[in-house]
Amino acid sequence: MEFVERLEVEVKFQENDFMIIKRPSGVLAFRAQPERGFNLRSKFQYFSADYGLQATPTKEINIKENFDLVGYDLEGDFFYALMQKGSASNSEKYLIEINLETDEANEFPLENIYPMDFKEFFVLNRHAVFLGNAEMRPILQIYNISDNDVYTVQGIYGKETLVLQLRKDSELEIIDVLISRRDKYKQKQVSVLSFDVLGNKIREVVIEKLDESNMEIVEGLLTPIEDFQQSVIGTYGQKRREAYQGIYIADINEFGEYVLKYYTMEDFPNFYNYLNEKQRERKWKELEKQFEKGKSPSLKPVFSSREIITTDKGYLVYNDHFTATNPRYIPRDGVYANDAYRFNPNRLYFDGMNYGPAYGSQLFNTARYSPFPWQYEGEYKFISAYFLYIGKEGQVIWDNAFNLSNKSTNIPGKYGEVSFDGSKLHYLYMDGIQLYMSYLKDGEVIFENKSFEIELTNENERIRETQETSLNLSWWYDDYFLLSGKQKIRFINDGGRDEVREVYFLTKIKVDGDKYVPEEDENESN
């Protein structure tokens with residue numbers, strides 16, 4: 001692990017963190033920061049940085065009094081900030097549109113949006129998309145920024161309905177909605193609905209039931225559309241029981257027809273690789289006895305598909321194996337946790353690696369200035385990260401797992417960040433202020449849980465303090481990750497005296513597991 005570039009902006013520890021969003025040219029960092037003094041005014045601050053973390057000057061835009069940032073998105077060279085006054089569902093809202101090439105900003109009042117508790121917001125071709133809950137049912141509305149029209153999307157609002165994923169396709173100019181709903185007999189149905197920017201439905205694929213009548217889909221993630229083909233991948237399990245059976249893939253063709261494939265413990269020979277050798281052998285002996293009896297053992301306690309990475313060979317499915325240790329955890333139909341990482345892929349902060357009070361649980365949270373708003377959603381102990389690499393023809397290319405040692409967190413969503421190029425898989429996560437890296441190559445574990453301390457790029461400076469709750473780690477591109485947060489840095493000033501500065505930093509991290517030398521090899525060379 002190499003800390004190759006670093007960018008710093010001077011801030012105070014008590015100030016809001018910057019949020020980060022990926023751009024084709026690098027990253028954009030931004031925040032809403034209250035003005036000093038006894039007033040209710042805030043400023044929207046932002047700056048861009050390229051892949052070498054060379055930054056533009058910080059720009060500022062005045063925010064209307066009493067308003068706060070509750071959502072954001074990037075569409076081409078335009079950045080959108082959703083502002084809201086107060087926390088009630090019928091609160092006044094407006095939209096700021098910033099041209100990042102010219103820094104010109106425009107405001108648009110949002111007067112006709114139905115009162116809802118927001119879950120997601122994004123913009124597609126100057127059409128703002130709002131997903132929320134109204135009267136315990138999901139509602140999806142589209143606002144045309146150019147002519148001030150609002151369209152309510154049909155087929156979403158209904159009892160016993162959940163939105164599992166929402167994604168936009170800027171190239172095809174469509175909105176994909178993956179929903180599950182239960183009928184009056186409590187039977188679950190999963191549907192893929194696609195809409196244009198006017199809310200017209202252009203496709204509906206209904207996955208009515210699985211091959212085994214006692215099984216049902218728990219969750220799903222949509223892959224991008226390629227050559228008119230798309231897949232839904234996720235976990236499935238036994239009805240009315242907290243028992244997972246495995247992973248399914250629904251391959252959808254251009255006519256809306258789908259083929260289901262199933263993967264169970266018999267397809268996961270390395271599922272228990274996180275255990276030591278004796279425990280692993282004992283587990284597999286138990287499993288083999290069940291296989292011989294024609295039984296397919298279930299997975300417990302919780303098995304959740306977190307991310308799908310598409311390659312030219314197939315799909316890498318990253319899953320977390322964990323337990324909900326708080327009795328108030330969200331039940332299985334809510335996928336046990338915050339599902340914000342399933343929505344807008346632009347965001348780095350909502351991908352689960354959120355270590356502080358960011359802009360909210362399930363995107364929006366009124367208590368974001370209090371520590372750890374996640375605490376109301378339960379606690380989670382992570383057992384392992386499990387990876388399954390499936391070929392385009394449906395064959396399992398390899399599988400393997402990393403031990404997460406029952407690490408406990410209040411933060412829902414995926415535990416780690418993954419880079420995968422079809423051969424090399426790097427898996428990074430943070431525990432406190434310590435970084436950990438694991439490495440797979442062609443399905444074989446080379447090493448796991450190697451720890452690293454945060455380093456500076458300037459050897460003449462020292463870290464005096466790191467604000468743990470501000471830290472955020474995300475995969476950026478290729479074999480580079482991005483770490484951000486607040487630190488106090490000790491340095492020698494021009495007068496030769498010790499001084500400390502408080503900064504918000506972005507650090508670019510390069511990973512290459514092939515360069516790792518096991519400790520025994522190091523000892524031999526010495």
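Everything numeric in this text was worked out from a predicted model, so none of it was measured. Scope of the values below: all heavy atoms of this structure, side chains included, with no hydrogens, waters or symmetry mates.
Ring geometry, F447 versus Y516: the interplanar angle falls from 30° to 60°, so the pair is classed tilted.
With ring centers used as reference points, F271 lies under 6.0 Å from H321. For an aromatic pair to be called close, the ring centres must be under 6.0 Å apart, and Y262 with Y236 satisfies this. Between F30 and Y72, the distance from one ring center to the other falls under 6.0 angstrom.
With sequence neighbours excluded, the residues that form a side-chain contact (heavy atoms from CB on, under 4.5 Å) with D176 are R167, I174, S194, R203, L222, I225, Q230. Residues forming a side-chain hydrogen bond (donor to acceptor under 3.5 Å, both in side chains) with Q395 (at least two apart in sequence, or on another chain): none.
None of Y439, F387, W475 except one satisfies the ring-ring contact (aromatic ring centres under 6.0 Å, His included) rule with Y427; the exception is F387.
Cation-pi contact between K510 and Y480: present, with separation from the ring centre below 6.0 Å and deviation from the ring axis of at most 45°.
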Note to self: Applying side chain to side chain donor-acceptor pair (under 3.5 Å) to Y386 and D399, what does each step give before you reach the verdict?
What the structure shows: CA-CA 8 Å; Y386 176 70; D399 76 309; 2.8 Å; yes

Note to self: Please evaluate residues E465 and K488 with respect to the criterion salt bridge (charged side-chain N to carboxylate O under 4.0 Å, His left out), reporting the C-alpha separation (whole Å), side-chain torsions for both, the decisive distance (0.1 Å), and the verdict.
What the structure shows: CA-CA 5 Å; E465 184 183 344; K488 291 181 181 177; 3.6 Å; yes

Scan the side chains in residues 288-297 for donor-acceptor partners under 3.5 Å anywhere in the protein, sequence neighbours excluded, and list what turns up.
unit_1	atom_1	unit_2	atom_2	d
S296	OG	Q245	NE2	3.2

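Q187 and D183 share no donor-acceptor pair across their side chains, judged by distance under 3.5 Å alone. Side-chain contact, N403 with S384: no donor N or O sits under 3.5 Å from an acceptor N or O. Judged purely by distance below 3.5 Å, without hydrogens or angles, the side chains of N276 and Q279 pair a donor atom with an acceptor atom. Side-chain contact check for Y429 and N449: at least one donor-acceptor pair (N or O, by modelled atom type) lies under 3.5 Å.
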